[in-house]
Amino acid sequence: MIGTAFSPVIENWRPFAISQEASFVRRNVEKCFTLFINHSVFVKEQHNLQVKQSFEGFKEVWLEKTKFSSNISDITNNSAYLSIIELGTDVVPFIIKDLRITDNHWFYALEAITMVNPISKDHQGKIALMKNDWLKWAESNFDIDEL
Amino acid sequence: MNYSDADFPNSSFDPFLVTSSQTTRYNCIAWACEDTEKWYWPDKKHMYYWPEEICRDETIECFIDLFKRIGYRICKNDRKEFWYTKVAIYCDDKKIPTHAARQLRNGYWTSKLGRNYDISHTLYSMSDGYYGNVEVFMKRRRFFTPKYFKKK
């Protein structure tokens with residue numbers, strides 16, 4: 001019965017382009033979406049949460065895989081460590097937070113992301129002093145509340 | 001301590017004892033050099049400590065030079081000798097240095113496990129594990145004062 005009341009429409013052809021009105025609507029929707037992404041606190045928080053979760057996950061793997069290593073090349077070429085670097089500048093606050101409470105080897109990652117190396121020559125290899133150099137740099141380059 | 005048999009397969013057959021709390025301040029190379037203030041490694045970005053006059057490569061030659069700088073010279077074996085302190089440099093399959101251990105007066109060896117703990121162990125208990133095996137033994141006379149500590 002249904003078959004006879006609503007006979008199936010077989011689509012053999014579709015318009016090649018969308019109409020002018022549809023195109024106008026699509027452009028505006030895209031514009032609204034972009035503006036929303038850039039300015040929405042909610043989206044920013046969601047993004048930060050995703051970065052944080054990724055950071056925590058990669059950090060755990062990195063620490064486990066390199067737990068006995070003294071070799072800085074091994075420690076900083078670990079795939080999880082490189083993945084943290086790939087998260088980009090958004091991950092820097094999380095690295096700085098971690099550096100405040102641990103002595104983890106974040107110096108290569110921070111240098112790779114920020115293109116800065118605030119460690120003075122006298123402090124090479126002295127983890128506590130290297131860490132202080134980076135924390136001082138972070139204080140003058142980041143909003144403390146953000147951290 | 002959080003290590004498995006896969007990390008150090010012989011650690012359950014011979015002494016392998018934790019002797020310190022965890023710290024990242026120094027590594028095994030620094031510990032073998034009796035320095036607890038720095039992390040030694042010949043990294044190319046010059047972030048970590050490595051004496052400037054020593055070649056900055058991850059090769060056994062550079063590590064031997066590091067220990068020569070503080071008075072060690074290559075020796076044949078790990079046999080305990082009263083007048084000498086010995087170090088063992090470990091390498092992986094590719095002959096890249098991975099670790100160093102220092103002999104204690106009682107004949108056991110002391111090591112720092114990366115950013116983890118100091119341990120006392122035998123060469124056997126650490127062999128065939130995370131760090132590979134000993135490539136070179138070096139020794140220096142006890143109570144040795146390196147040249148760079150002597151007043152001019």
Side-chain angles (χ1 to χ4, degrees), chain A residues 58-78 80-82 84-85 95-138, chain B residues 1-4 6-8 11 16 22-33 35-52 56-59 63 66 89-92 94 96-101 111-119 126 129-132:
Chain A
F58 289 134
K59 187 183 92 174
E60 199 175 315
V61 174
W62 170 60
L63 290 176
E64 175 60 26
K65 293 278 180 190
T66 62
K67 62 185 173 184
F68 297 131
S69 188
S70 279
N71 184 332
I72 292 300
S73 303
D74 280 352
I75 293 170
T76 59
N77 284 321
N78 176 270
Y81 192 80
L82 297 177
I84 290 172
I85 292 173
I95 294 180
I96 297 292
K97 269 183 192 172
D98 190 84
L99 197 58
R100 277 178 170 174
I101 53 170
T102 69
D103 287 338
N104 288 332
H105 295 276
W106 292 121
F107 314 112
Y108 265 66
L110 286 169
E111 196 257 292
I113 296 168
T114 62
M115 310 289 277
V116 172
N117 181 13
I119 298 169
S120 72
K121 202 175 177 187
D122 299 341
H123 297 172
Q124 285 176 1
K126 297 173 184 170
I127 304 291
L129 299 177
M130 292 165 78
K131 176 177 153 172
N132 280 343
D133 287 345
W134 269 107
L135 292 179
K136 274 182 194 167
W137 175 88
Chain B
M1 184 172 146
N2 187 21
Y3 66 88
S4 65
D7 296 321
F8 301 104
S11 59
F16 198 86
Q22 184 275 335
T23 174
T24 313
R25 298 288 159 105
Y26 58 95
N27 66 344
C28 58
I29 311 298
W31 183 236
C33 293
D35 183 346
T36 56
E37 298 295 322
K38 302 185 204 83
W39 190 286
Y40 285 46
W41 201 259
D43 64 314
K44 292 294 177 193
K45 288 193 176 179
H46 293 248
M47 280 197 198
Y48 292 86
Y49 178 75
W50 197 255
E52 284 192 3
R56 211 176 175 96
D57 291 315
E58 288 172 4
T59 59
F63 280 70
L66 174 76
I89 304 174
Y90 286 72
C91 285
D92 62 14
K94 296 170 191 167
I96 294 173
T98 53
H99 181 68
S111 281
K112 171 78 164 51
L113 302 182
R115 59 166 191 283
N116 268 284
Y117 314 85
D118 298 343
I119 57 159
M126 188 170 272
Y130 194 91
Y131 299 122

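Please read these numbers as outputs of a predicted model, since none were measured by experiment. Quick note on labels: first sequence line is chain A, next is B, and so on, each numbered from 1.
Around atom CD of B/Q22, more than 12 heavy atoms belonging to other residues, nucleotides or ligands sit under 6.0 Å away. The 12-atom threshold is exceeded at NZ of B/K45, counting heavy atoms of other residues, nucleotides or ligands nearer than 6.0 Å.
The closest donor-acceptor contact from the side chain of B/Y131 to the backbone of A/F68 lies under 3.5 Å.
The aromatic rings of B/Y48 and A/H105 sit tilted relative to each other, their planes meeting at an angle between 30° and 60°.
The two residues A/Q124 and B/H46 make their nearest non-hydrogen contact at NE2-O, 2.8 Å. Of all the heavy atoms in A/K67 and B/N116, the pair that sits closest is O-ND2, 2.7 Å. Here the closest heavy-atom approach between residue A/M130 and residue B/M47 is recorded as CE-O, 3.2 Å.
Residue A/K131: no heavy atom, backbone or side chain, is found under 4.5 Å from chain B. In this structure, the portion of B/E52 lying under 4.5 Å from any heavy atom of chain A is its side chain and not its backbone. Looking at B/P42, there are no atoms closer than 4.5 Å to chain A (heavy atoms on both sides), in backbone or side chain.
Going from atom OG1 of B/T24 over to atom CG of A/N104 covers 6.0 Å, rounded to the nearest 0.5 Å. We find the CD1-CG distance between A/I75 and B/D43 to be 10.5 Å, quoted to the nearest 0.5 Å.
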Next on the checklist: side-chain contact (heavy atoms from CB on, under 4.5 Å) for B/W39 and A/I72? Distances and angles first, verdict last.
Outcome noted: CA-CA 9 Å; B/W39 190 286; A/I72 292 300; 3.4 Å; yes
Next on the checklist: Could you walk me through whether A/D103 and B/R25 satisfy the salt bridge (charged side-chain N to carboxylate O under 4.0 Å, His left out) test, starting with their C-alpha distance in whole Å, then the side-chain angles of each, then the deciding distance to 0.1 Å, before giving a yes or no?
Outcome noted: CA-CA 8 Å; A/D103 287 338; B/R25 298 288 159 105; 2.9 Å; yes
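Residue A/S70 forms a side chain to side chain contact (heavy atoms under 4.5 Å, CB included) with just one option from B/W41, B/Y40, B/Y90, and that option is B/W41.
Among the candidates B/R115, B/K44, B/E58, B/K38, the residue making the largest number of heavy-atom pairs closer than 4.5 Å to chain A is B/R115. The candidate from A/I119, A/T66, A/D74 with the greatest count of non-hydrogen atom pairs under 4.5 Å with chain B is A/T66.
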